[in-house]
Amino acid sequence: QEGQVLKVANPAFNQDWSPLRGGGVPYRWNSAWWASPMYFDSEGKIHPYVFTSWEGSPDSKTWTFKLDPKATFSDGSKITSADVAGSWNVAAMPGTKSQRADQVLGKVAGFAEVTGGSANTISGVATPDEGTVVVTLTESDPIYFMRVANHIVPITKASQSRGEDGNEIQDWFTPDSGAVYSGPFKLTSIDIDGGKLVFEPNENFFGPKPKLARIEITSIEDNVTATSLLKSGEFNAHTELVTSTIVQDLGAEFASGPLIPTSQHFWFNSKRAPMDDPKVRQALIMAVDRDGLMKASFPDGPHKKTDQVLNSVPGADNSGFEPYPYDPEGAKKLLAESTYGGPERLPKILFVGISSPANEAAAQFIAEQWRQNLGITAVDMKPQQDAYAGPDQNAVQIFRDDVGTRVPDAASYLAGSIASTSSNAQNKLGGYKNDKVDQLLAEAATKAADDPQRVALAQEAQKAFRDDWTFIPWYAQAMSRWANADVKGIDKNLDWQVVAPWEITIG
Amino acid sequence: MTAPADNKPLLDVRGLTIEIDTRRGPAVIVDGINLTVGKGETVGVVGESGCGKSLTMLSLVRLLPNKIRVKSGTAEFAGRDLLKMSKSELRQVRGGKIGFVFQDPMTSLNPVMRIGDQLCEPLIYHRNMSKADARERAIELLRLVGIPGPEQRIEAYPHELSGGMRQRVMIAIGLACDPELLIADEPTTALDVTIQAQIVDLVKDLRKKLNMSVVWITHDLALIAGLVDRVAVLYAGTVVEDAPVNELFARPTHPYTRGLLASIPKLSDERASRLSSIGGTPPEPGRRPKGCPFAPRCALAESVCHERVPVLEPVAGSTGHRVACFVAQRQMMEAA
Amino acid sequence: MLRYIATRLLLWIPSVLLVMLAVYAMAYYGAGDPIKLIFLRAPGDVAYNPEKIEAIRDAAGLNRPFLVQFGSYILNLLQGNFGNSLTSGRSVWAMVSAAAPVSFKLGLCAVVLTAVVAVPLGMIAAMNQNTRIDYTILGSALFLWAIPAYVAGPLLMVALIYVLPGGKVPYGWGGIFDVRILLPLLVLSFQPIALIVRQTRAAVIEVLSEDFVRTARAKGVPELVVALRHILRPVLTPVVTQLGLIMITIVNGAIFVELVFGLPGLGRLTVSALTNSDYPVILAITLIGSFLVMLSNLLVDVLYPLLDPRANDTMRSR
Amino acid sequence: MAAEPLIKVENLVKHFVVRLGAFGERGATVYAVDDVNFDIFAGETLSLVGESGCGKSTTGFTLLNLQKATSGKVLFQGENIVSLDEKRMRPYRRELQIVFQDPYSTLNPRMTIGEVVGEPILFHKLATKAELPERVSRLLADVGLPARFAQRYPHELSGGQRQRVAIARALACEPKFIVCDEAISALDVSVQAQIINLLLDLQEKYGLTYLFIAHDLAVVRHISTRVGVMYLGRMAELASREQLFSNPLHPYTKALLSAVPEADPELEKTRQRQILTGDVPSPLAPPAGCRFHTRCPIAMDKCKAVVPEWREVVPGHHVACHAVEQGAAG
Amino acid sequence: MTITPVILSSTVADDEPPVSLWRDAWHRLLRNKLAVAGLAVVILLAFVAVFGPWLTPYDFLTQDLNARNQAPSLAHLFGTDDLGRDVFSRVVYGTRTAFVVAIVVTAIAVVIGVALGAMAGFFGGMFDRIVMWFTDMTMSVPNLLLVVVINASLKTPITAWMEARYQATLNPFYRETIWVDFLLVFGSMALISWPPYARLVRAQVLSIRGRPYVTAARALGLTNRLILMRYIVPNAIGPLIVSVSAGLGTAMVLESAFSFLGVGVNPPTPSWGNMISDGLRVWQHYPHLLAAPAAVLGLATVAFSFLGDGLNDALNPRGSK
Ligand SMILES: Nc1ncnc2c1ncn2[C@@H]1O[C@H](COP(=O)(O)OP(=O)(O)OP(=O)(O)O)[C@@H](O)[C@H]1O
Ligand SMILES: Nc1ncnc2c1ncn2[C@@H]1O[C@H](COP(=O)(O)OP(=O)(O)OP(=O)(O)O)[C@@H](O)[C@H]1O
Ligand SMILES: [Mg+2]
Ligand SMILES: [Mg+2]
């Protein structure tokens with residue numbers, strides 16, 4: 001099977017392909033050209049990669065990682081602990097604008113100083129020798145090792161990615177800059193203005209030999225065009241194709257994939273009238289038939305309806321979360337009992353984040369349910385979040401957004417979505433704070449990964465959150481292959497990465 | 001110069017009737033005109049303003065404006081009916097065999113083209129001249145019609161010329177290809193007498209050299225007197241009198257013609273004495289009276305004039321003099 | 001004439017500065033914060049860390065007062081430095097200088113195509129007013145007119161996939177002499193063609209009733225020459241104006257066509273810069289756009305007196 | 001003759017800059033009107049005659065400030081109107097009217113004749129809306145057009161009819177002064193006579209003043225009080241009608257008069273015309289000295305060099321000719 | 001002597017009504033079949049825009065998830081959409097949106113454009129320079145940015161104000177935020193779409209103001225305003241009418257382009273534009289979702305064009321019909 005080329009359509013005209021950005025569309029292809037410390041497979045099992053072993057101190061505050069001595073960059077040079085530390089340091093720099101470095105390094109001592117601009121290196125990362133990295137955390141974290149098992153901060157050659165001043169070097173990752181790569185493929189050409197990247201196998205890759213001869217990524221913003229090109233076989237895969245007819249267009253296989261610890265909901269800003277009235281919130285939730293919601297938005301999958309926040313992490317099943325009932329009559333009564341006394345005086349409700357066809361369908365469905373069941377007519381929906389989101393914006397009642405985690409762990413999932421410290425709680429839930437939730441999650445965080453208490457506490461926290469009635473649950477996200485049926489070995493994991501890019505074959 | 005032997009006229013218009021669409025339906029503007037022009041002959045056409053002179057001439061080259069069309073009649077030119085010619089034949093005739101000088105030079109010249117280019121066109125398309133030759137000839141033509149500084153003026157736009165110059169450019173265009181027939185519609189109204197004389201000489205000259213025939217529409221009876229062989233007097237879309245020029249001035253027969261001649265101011269007139277003019281206004285197309293169209297304004301009109309339409313009849317006692325008037329006919333007959 | 005052109009060029013400088021000030025102000029006060037957007041637009045698990053955002057803003061100099069920022073931007077600009085994109089950090093000059101030629105070529109080709117197709121069709125229609133030819137041309141033009149580019153593009157694209165052997169879809173940019181350009185060019189020209197056909201037709205009908213057309217015919221000039229020399233010239237003023245406007249629209253961003261056919265032009269860049277509030281990029285695009293507007297309008301204005309000598313006085317400084 | 005002229009033209013100059021060459025790269029100046037002086041007295045008819053292109057229309061235009069004069073003055077009621085801008089000129093517009101030489105092009109193709117004629121009446125509030133149709137019909141009747149023509153568009157008229165519409169439009173303003181630029185050239189003699197009668201009647205009744213530009217010397221002779229002869233942008237001779245026709249002084253005037261045709265074929269055949277020979281100069285490059293010298297039968301050396309002075313050789317008789325100066329005593 | 005009397009066309013009843021250009025144009029327009037058809041469609045659409053919501057068989061909002069994406073049938077003339085809503089009802093309601101957009105945007109733009117363009121062309125000189133300078137400047141402002149910014153900065157306060165009014169009065173009018181969308185998005189669209197009209201009109205005026213009939217009008221002492229209104233505009237109007245009738249269609253299309261960028265009419269309010277952009281995503285499976293709104297939009301633009309071309313022909317008294 002020599003000479004196979006994987007042609008990928010990319011839905012954005014990305015101007016920035018730095019692997020250190022930790023987000024955006026380019027991030028989805030990080031595993032193709034970069035190695036990570038460890039990685040999860042699609043079942044959520046952890047695998048060594050650059051790091052062959054990881055070990056926490058008894059208090060889980062100090063972690064020691066050993067590097068694979070065979071690990072090399074594409075020029076044959078050895079991957080050393082300095083490269084790991086350097087990559088982490090540069091990712092933490094504010095100028096690098098990494099979107100998720102916090103998830104990997106947030107608890108590492110000295111990270112806040114770097115990211116806040118007052119230091120250049122993370123003091124909590126030590127490299128006692130070439131093959132060892134020792135990380136000191138500010139608090140106990142029994143699952144810290146899982147947090148590095150992703151491509152959020154891939155391992156780059158520190159001398160290339162990081163400049164004298166500690167900042168990322170512009171365009172360091174391009175072939176023109178002589179960049180070396182740690183992943184199975186290396187970037188051989190990049191035409192940002194034309195929107196095209198080409199990858200070829202890295203002959204010095206320290207893992208299995210890649211089977212593809214080339215990967216080509218081309219920007220095709222238009223979904224109809226992309227669909228046509230995929231259908232015609234001119235392209236094989238897509239970075240992320242979300243259309244309402246994807247199954248009809250390209251087959252169920254194309255969109256299929258494992259569920260990942262990410263879920264999508266409509267979050268209520270409980271600081272805003274009328275959401276400040278719990279009865280109104282309850283009424284609004286109970287007036288929505290969530291089966292219908294799913295039917296209106298993803299009738300053919302691949303996503304699954306969900307009732308709760310947690311999803312595809314240990315403890316998500318049988319969590320004890322009682323689904324919100326669909327009870328129009330009850331809802332009506334609640335609304336009448338509320339301070340507003342009925343739909344008439346209810347302030348207008350504004351949805352934001354209604355930016356894709358499925359979002360639109362869901363929001364319209366909800367609005368229509370409210371109209372029919374509660375008599376509410378004043379509902380607005382806007383696609384853009386920026387003008388409304390953020391701590392300083394207070395005009396919005398409902399945000400559509402997803403929450404999730406990069407580790408298969410319920411406590412960290414909830415910590416990132418409903419704990420008062422999370423960005424979700426602060427920005428989308430309007431500064432939501434439930435002391436019980438916070439306290440339960442804090443306690444869970446200290447438990448070991450395999451401690452059943454960890455899961456149980458998290459489940460408790462979720463139940464406590466339920467009683468606040470501040471979201472309309474929507475769906476649990478599946479990580480689609482977004483590849484034609486003849487593309488094999490392109491399974492993706494909770495890190496939204498192709499698990500084993502070297503396995504990809506066509507036909 | 002005598003007329004050619006075969007005696008067949010170059011242009012023979014018979015029963016030409018022109019009709020216009022009005023809101024109230026079609027109305028006749030030109031009503032069965034007969035007009036012949038022999039080879040080398042110059043025919044003057046005079047008549048009251050709005051009687052259909054221009055439209056008649058336009059109809060000959062099939063350039064009537066929208067809504068106006070020839071209803072019936074023939075117009076044979078050198079044996080071929082202009083009104084039935086094919087488009088390509090017609091193109092050969094227009095500008096080549098028949099030169100045309102339009103009445104309103106300002107609007108008839110293309111405002112966005114230099115006059116030289118406009119003048120070169122017939123030369124290029126009928127004489128197959130090269131651009132340079134055509135330009136030479138154009139300068140020559142401008143000089144012939146008396147435009148000073150033709151080398152420079154050839155690059156002028158129409159709006160940069162005086163009224164008379166524009167008119168002379170029109171004349172030059174009409175004469176460009178040495179046509180067999182020149183139809184000139186009030187070509188010298190804007191020219192001073194010296195230039196007018198020059199143009200008249202030029203036309204006479206060409207007529208002699210090329211045996212060119214000319215139809216000269218004008219109101220300037222004085223000018224006609226020295227230029228044409230024959231005069232047709234039009235009134236309300238019909239020819240009311242048709243006579244050799246001397247004959248017409250010596251014995252104007254139709255009351256309208258007489259009225260016209262009487263209206264000419266003489267150089268010897270006193271200032272501010274009232275000029276005589278024909279009272280009343282001519283009938284409009286579609287609102288013609290039943291009988292002779294001139295009858296309502298005619299001092300001599302009798303009852304028959306209001307009943308029937310007179311046709312052109314030879315005037316007794318003269319050759320080639322015809323008139324369409326019951327009263328005049330009778331008087332002539334009585335006199336004879 | 002030269003002086004006129006020079007004055008226009010000189011006058012353009014203050015105008016473009018004003019426009020840029022306005023755009024800068026709009027981006028600064030009106031649009032979203034580009035740095036915040038980087039974190040807000042991403043999925044929910046992205047860390048929104050206010051201190052970090054402030055640090056980034058500080059480093060990028062975005063926390064300085066508005067006028068200081070604008071002033072330093074202009075100063076840099078005067079030294080030929082367009083700055084870097086706030087989102088990607090790339091050199092704005094590199095981004096824009098790659099995209100502008102694509103748009104420019106596209107616009108030029110579309111305008112030429114439009115002119116070559118539409119003007120003759122419009123004339124033919126007018127010269128056969130109210131005949132079957134007229135109805136056919138006008139009907140087709142209206143048909144094209146009724147299909148907006150963003151509908152025609154995808155439809156044709158998909159249709160071609162089924163028609164062309166091997167699924168060779170005309171996607172991407174291969175220069176102006178590449179066959180792939182044909183379809184986008186067509187789609188881009190549909191509506192302009194329709195507009196110009198109608199415009200030309202309307203103007204020609206007007207001119208046809210002028211006496212000088214009659215004169216031309218009386219000269220026995222072939223009908224084609226009558227059309228080209230006598231009728232076309234006076235008609236061209238509105239048509240050229242319209243063509244200039246079309247050119248501007250296309251170059252300033254044939255957004256849909258660029259997106260659908262994957263043409264890396266200014267439209268695509270504009271959309272991404274706008275969604276990211278990446279204002280150094282927006283400003284650079286504005287600058288180019290403004291220059292183009294000025295140039296195209298200047299060209300059209302210089303053409304007027306040639307097309308219509310009676311409009312001469314505009315050129316004369318009084 | 002009344003002492004105070006209605007209009008006083010002093011050193012009026014009008015030059016045009018034209019562009020030559022395919023792209024208008026070369027410029028040239030047309031000396032259309034060059035230092036012209038004359039007075040027009042209230043109630044008189046001053047006729048301007050002269051070779052075509054000699055600047056008569058331009059004189060008319062600049063006189064009324066419809067084209068900006070290059071220099072010089074036109075005093076009307078003591079005000080130099082050529083220096084006025086459009087706005088300050090407006091009050092004078094109604095009183096100073098013009099009938100254009102090319103009537104068709106001066107008629108708005110999208111206005112009916114009724115509107116054309118009615119517009120100034122309404123605008124200058126010379127009648128109420130109710131009186132308007134009546135007024136328009138009367139004006140049309142005055143110029144020999146049926147009232148129904150009010151509903152026609154200019155393109156539906158014949159050349160002569162258009163010209164009469166233009167006259168009616170000027171008369172509609174009830175002006176004091178009218179420039180008649182070849183106003184009756186396209187009319188048949190009968191209608192022409194009718195119009196001339198009308199003009200004379202109006203003059204008599206309302207003391208109208210005309211600047212009458214024409215080529216038909218018979219008409220000029222009939223209608224004018226005084227006649228000016230122009231040659232190539234300059235005034236050659238100006239005298240009372242009797243003077244000019246009986247005793248022309250300038251050689252150009254003489255040539256002009258000799259060229260007048262007579263409406264009599266017999267006479268025409270025998271008439272002796274004085275043919276002008278020599279180069280016809282172009283206003284783009286007018287000759288130095290006397291502009292007529294290239295064609296003048298009695299040109300002297302002096303004529304080639306010195307511009308003849310505009311002199312009143314006999315009271316009321318102005319002429320610009322070296323030869324006349326010498327012989328004026330005789 | 002034989003006299004063959006020629007029968008002259010008989011005199012027809014006297015005294016036609018007095019004509020003016022506009023009345024005349026109206027008559028000519030009525031004789032132009034295509035224009036009349038266009039006019040009929042426009043009137044029909046206007047009627048639908050006003051009374052549409054009372055004419056439809058279904059409510060344009062009511063969803064039926066059991067009847068999603070149905071093909072046209074007797075029950076649903078244009079089928080149903082992805083939420084099971086009746087497309088016919090939505091198209092009918094969308095007429096309102098389309099009309100308000102088309103008319104508001106075009107009207108504002110044309111008024112500004114014609115006024116400035118005509119004056120610039122007519123007065124020339126410094127005034128022309130300034131206006132054209134200003135026009136060029138306006139054309140240089142990125143349209144999208146302006147619309148996005150206006151939308152982002154003004155919409156929230158206005159909506160908030162309207163909501164406050166509602167709370168105070170309970171007048172449902174203040175809940176129709178669609179007006180805010182129109183006001184802002186299309187107001188700002190209009191503010192940037194006048195320059196083409198200005199340039200077009202100026203070009204026409206430049207060529208017309210040198211014509212002798214304008215000089216003649218000046219000689220009559222007419223005011224500049226009158227000259228502009230009666231001499232220049234009527235003669236310059238041909239290309240403008242074409243452009244305006246095109247602009248009406250363009251505005252409708254632009255509206256959908258803006259909903260693509262998220263600043264247009266927000267769901268669930270239907271507009272032809274957002275229905276088309278939704279339909280485009282699924283047209284290969286549910287062609288009716290694209291065909292219905294696109295056909296109506298097409299019909300409307302064609303109708304405007306017929307009317308425009310017809311009007312243009314009609315306003316030319318020298319025209320052939
Ligand atoms: N397009 C038209 N529509 C309606 N009537 C017209 C049209 N053209 C000419 N007429 C009318 O037809 C008649 C004849 O016009 P024509 O131009 O032939 O007159 P003419 O004899 O040349 O007059 P003149 O000496 O004044 O030029 C006139 O009464 C005129 O009003
Ligand atoms: N707009 C213009 N641009 C350039 N030259 C012009 C312009 N108008 C007139 N001229 C020139 O000025 C000169 C005088 O023209 P004018 O129209 O005054 O002549 P005129 O005496 O009225 O002649 P005619 O009797 O032929 O009408 C001519 O040479 C003419 O070419
Ligand atoms: Mg005529
Ligand atoms: Mg003149």
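Everything numeric here is computed off the predicted structure, so don't read it as measured data. Letters A, B, ... are given to chains in the order of the sequence lines, protein chains preceding strands, and every chain is numbered from 1.
Residue pairs meeting the salt bridge (Lys or Arg N to Asp or Glu O under 4.0 Å) criterion with at least one partner in residues 70-84 of chain C, sequence neighbours excluded, are absent. For the salt bridge (Lys or Arg N to Asp or Glu O under 4.0 Å) condition, no pair includes a residue of residues 93-110 of chain C, sequence neighbours left out.
Looking only at side-chain heavy atoms (C-beta outward), C/S88 and A/W17 stay at 4.5 Å or farther from each other. A/S219 places a side-chain heavy atom less than 4.5 Å from the side chain of C/R268. For the pair C/E51 and A/T115, the minimum side-chain heavy-atom distance is 4.5 Å or more. Two residues are said to be in side-chain contact when any heavy atoms from C-beta on lie closer than 4.5 Å; A/D193 and C/R90 meet this criterion. Residues C/K52 and A/D102 form a side-chain contact, since some pair of their non-hydrogen atoms from C-beta on lies under 4.5 Å apart.
With a threshold of 4.5 angstrom between heavy atoms, A/E221 approaches chain C through its backbone and through its side chain. For C/T87, the part sitting under 4.5 Å from any heavy atom of chain A is the backbone (N, CA, C, O) and nothing else. For chain C, no part of A/E168 is nearby; none of its heavy atoms comes within less than 4.5 Å. Looking at A/W267, there are no atoms closer than 4.5 Å to chain C (heavy atoms on both sides), in backbone or side chain. In this structure, the portion of A/T218 lying under 4.5 Å from any heavy atom of chain C is its side chain and not its backbone.
The side-chain contact (heavy atoms from CB on, under 4.5 Å) check on A/T245 picks up A/T243, A/Q248, A/D249, E/V282, E/H285, E/Y286, with sequence neighbours excluded.
For the pair C/I56 and A/K97, the tightest heavy-atom approach, listed with the atom from each and the gap, is CD1-CG, 3.7 Å. Nearest heavy-atom pair, C/A55 versus A/G116, reported as atom, atom and distance to 0.1 Å: CB-O, 3.6 Å.
A 6.0 Å sphere centred on CZ of C/F143 holds no more than 12 heavy atoms belonging to other residues, nucleotides or ligands.
For the set A/T405, A/D16, A/N14, the count of heavy-atom pairs under 4.5 angstrom toward chain C peaks at A/D16. Contact tally against chain A (heavy-atom pairs below 4.5 Å) for C/G89, C/G262, C/S85, C/A99: the top residue is C/G89.
One finds the CG atom of C/D278 at 8.5 Å from the CD atom of A/Q15 (value rounded to the nearest 0.5 Å). Here the straight-line distance linking atom OG1 of A/T225 with atom CZ of C/F261 works out to 7.0 Å at 0.5 Å rounding.
Contacts from residues 69-81 of chain C to chain A, taken as heavy-atom pairs separated by less than 4.5 Å, involve no residues at all.
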